[in-house]
Amino acid sequence: QVQLVESGGGLVQAGGSLRLSCAASGRTFSNYAMGWFRQAPGKEREFVAAINWSGSSTYYADSVKGRFTISRDRAKNTVYLQQNSLKPEDTAVYYCAARSTVVAARDRTSYDYWGQGTQVTVSS
């Protein structure tokens with residue numbers, strides 16, 4: 001089992017920045033690919049960013065490319081999502097997810113473990 005706990009969400013004005021963290025515990029986290037997803041009210045959960053086991057490969061949704069950066073610190077068992085130039089449409093609950101393979105993916109159904117989520121609200 002892998003336990004994931006997100007933190008770092010909050011209320012920010014448009015154009016501002018936040019850094020989300022996802023602390024993992026349990027099994028060999030360092031061998032897992034990780035992803036960030038988000039869900040706005042009334043919408044499906046959607047892919048935001050993903051990173052492979054080593055951190056050498058990253059993937060982003062077109063809507064956040066150039067503004068968000070995913071990274072991981074394997075020594076701290078933590079994954080980060082740096083969010084810059086935030087927009088009101090980025091408002092959502094952000095979820096961290098782990099995939100029990102080294103390869104990252106955009107498909108949320110391929111992730112095995114999920115955190116409880118952290119709320120990000122961007123005001124205009």
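This one's a predicted model, so the numbers in the text were calculated from it and none came from an experiment.
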Non-hydrogen side-chain atoms of E46 and R108 separated by less than 4.5 Å: no
Check: T118 and V93 side chains under 4.5 Å, non-hydrogen atoms: no
OG1-CZ distance between T109 and R99, expressed to the nearest 0.5 angstrom: 9.0 Å
Y111 and F37 aromatic ring geometry - parallel, tilted or perpendicular at 30°/60° bounds: perpendicular
S100 and D112 side chains, donor-acceptor separation under 3.5 Å: yes
Under 3.5 Å: donor-acceptor pair, side chain of Y32, backbone of N52: no
Minimum heavy-atom distance R45-Y95, with the two atoms named: NH2-CZ, 3.4 Å
Minimal non-hydrogen separation, Y94 against V48, with atom names: CE2-CG2, 4.2 Å
Any R38 side-chain heavy atom under 4.5 Å of S63 side chain: yes
Closest heavy-atom pair and its distance - F47, A105: CE1-O, 3.8 Å
Heavy-atom check, side chain of C22 versus side chain of M34, under 4.5 Å: yes
hydrophobic_cluster_shared for W114 and L81, side chain cutoff 4.5 Å: no
Considering all heavy atoms, the nearest A50-A104 contact: CB-CB, 3.8 Å
Smallest separation among heavy atoms of I70 and W36, with atom names: CD1-CD1, 3.6 Å
Co-membership, hydrophobic cluster, residues V122 and L11, 4.5 Å side-chain: no
Candidate pair S17 and Q83, rule side-chain contact (heavy atoms from CB on, under 4.5 Å), full reasoning: CA-CA 5 Å; S17 298; Q83 302 177 299; over 6 Å; no
Test side-chain contact (heavy atoms from CB on, under 4.5 Å) applied to L18 and L86, step by step: CA-CA 8 Å; L18 285 173; L86 282 160; 4.1 Å; yes
Interatomic distance, R72 atom CZ to Y80 atom OH [nearest 0.5 angstrom]: 11.5 Å
Separation of S57 OG from I51 CD1 (nearest 0.5 Å): 8.5 Å
Closest non-hydrogen atom pair between T78 and S21, with its separation: CG2-CB, 4.3 Å
Nearest-0.5 Å distance, CZ of residue R19 to OG of residue S7: 9.0 Å
Name of the residue among D90, N84, L20 meeting side chain to side chain contact (heavy atoms under 4.5 Å, CB included) with F68: D90
Any donor-acceptor pair under 3.5 Å from T91 side chain to T121 backbone: no
Nearest-0.5 Å distance, CD of residue E6 to SG of residue C96: 5.5 Å
Pairwise distance OG(S25) to CG(L4) - rounded to 0.5 angstrom: 7.5 Å
Stepwise side-chain contact (heavy atoms from CB on, under 4.5 Å) test for T69 and Y60: CA-CA 8 Å; T69 302; Y60 297 94; 3.8 Å; yes
Salt bridge present between D62 and K65 (N-O < 4.0 angstrom): yes
